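We count ligands from 1, going down the list as the structure has it; atoms in each ligand are counted the same way. Just so we're clear, the structure is a prediction, and the values are computed from it rather than from any experiment.
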Amino acid sequence: MKYALLDRGDQLSRQLAEQLHGLAATKGLTHNEQKPDIVVSIGGDGTLLQAFHRYKDQLDCVSFVGVHTGHLGFYADWKKDEIEQLVSAMAASKPHNVIYPLLHIEVNTKSGSSSYLALNEFTLKGVDGTLVASLLINDEPFEMFRGDGIVISTPSGSTGYNKSLGGAVIHPSLEALQIAEIASINNRIYRTLGSSVILPKHHHCDIVPNPDKELHIAIDHLAVQMSGVTSITCRVSDQKVAFARYRPFPFWNRVREAFIGSKD
Ligand code: NAP
Ligand code: MN
């Protein structure tokens with residue numbers, strides 16, 4: 001079993017990383033950053049997002065496991081005092097992999113197109129003022145959006161930015177994407193649906209902005225400014241991400257612990 005490790009860089013996360021390397025060596029686990037079977041993230045969800053993007057070209061052969069060190073760690077199953085149990089589990093058994101859907105994003109510009117993969121979401125905002133863009137669902141015009149922005153999330157990302165926007169929390173066994181609005185302008189003149197929309201696999205949506213406007217585009221934690229964008233297409237990706245589970249941690253327990261508090 002080969003593992004790679006990414007930590008947030010703070011003192012506690014680094015210390016736990018050292019502890020994990022030490023224990024792993026005694027249990028016969030091989031540290032391999034290039035071709036790991038398991039990618040361990042120590043920190044928060046931000047760290048796991050970084051780990052995902054580092055290994056997104058190897059999704060067929062890696063699975064991710066998270067240890068949280070104080071941050072929310074929605075994606076993290078293990079606590080800071082459980083490194084020893086985690087390493088023992090990694091050495092003793094093949095994990096049960098839980099498979100989550102991802103979002104495929106294609107950004108078309110005047111000069112070509114590029115594709116991206118998101119674990120949490122795709123975010124679109126205007127840079128100078130209101131974002132104006134038409135939204136199409138399955139190639140049919142749906143609405144003309146005016147407002148601060150649009151967030152299109154995966155089921156596991158539905159508890160992130162999407163949730164702050166009043167979007168629904170979606171179980172990751174549903175292969176879907178969710179479109180949520182950021183402060184849409186709604187009055188006699190301008191109208192959007194107002195509620196978030198959930199699309200199944202094999203449906204897609206296109207966002208068509210004014211190509212002369214500068215846009216803020218984010219894929220998970222990675223943000224860029226772009227101009228000359230003619231359209232953006234989002235769909236459920238054919239690729240999936242695997243999380244290594246050495247003990248059960250059902251999604252709804254995760255949601256309860258992160259947002260409501262633990263049972264006791
Ligand atoms: P960050 O500013 O630290 O993230 C904001 C918070 O979102 C952190 O508490 C983070 O947990 C948590 N988070 C990330 N993914 C989550 C998920 N799938 N479910 C529940 N909570 C989640 O930035 P970051 O750590 O680089 O994470 C980037 C993410 O932040 C984006 O993908 C987006 O989902 C989220 N975000 C939220 C808002 C908002 O709610 N207004 C605005 C921008 C971005 P940790 O503390 O464990 O890192
Ligand atoms: Mn964070």
Report summary line: Residue set satisfying salt bridge (charged side-chain N to carboxylate O under 4.0 Å, His left out) with Arg14, at least two apart, ordered chain then number -> none
**Report entry** Pairwise salt bridge (charged side-chain N to carboxylate O under 4.0 Å, His left out) hits with a residue in residues 180-193, at least two apart
**Finding:** none
Report task. Mind telling me whether Phe64 and Phe243 have parallel, tilted or perpendicular rings, with 30° and 60° as the class edges? Result -> tilted
**Report entry** Shortest non-hydrogen separation from Ala168 to Asn162 and the atoms involved
**Finding:** O-ND2, 3.0 Å
Dump the pairs for me: ligand 1 N or O, protein N or O, distance under 3.5 Å, to 0.1 Å.
unit_1	atom_1	unit_2	atom_2	d
ligand 1	11 (O)	Asp45	OD2	3.1
ligand 1	13 (N)	Asp45	OD2	3.4
ligand 1	15 (N)	Asn120	ND2	2.9
ligand 1	18 (N)	Asn120	OD1	3.0
ligand 1	18 (N)	Ser156	O	3.1
ligand 1	19 (N)	Thr159	OG1	2.6
ligand 1	25 (O)	Gly46	N	3.3
ligand 1	32 (O)	Asn120	ND2	3.0
ligand 1	32 (O)	Glu121	OE1	3.4
ligand 1	32 (O)	Glu121	OE2	2.5
ligand 1	34 (O)	Glu121	OE1	2.5
ligand 1	34 (O)	Tyr161	N	3.1
ligand 1	40 (O)	Ser164	OG	2.5
ligand 1	46 (O)	His71	ND1	3.2
ligand 1	46 (O)	Leu72	N	3.3
ligand 1	47 (O)	Asp45	N	2.8
ligand 1	47 (O)	Asp45	OD2	3.4
ligand 1	47 (O)	Leu72	N	3.2
ligand 1	47 (O)	Gly73	N	2.8
ligand 1	48 (O)	Asp45	N	3.3
ligand 1	48 (O)	Gly46	N	3.2

Query raised in the report: Should the heavy atoms of other residues, nucleotides or ligands under 6.0 Å from CG of Asn187 be counted, would the total exceed 12?
Result: yes
Query - ring pair (Phe, Tyr, Trp, His ring centres under 6.0 Å) partners of His21, counting only residues at least two apart - result: Tyr3, His31
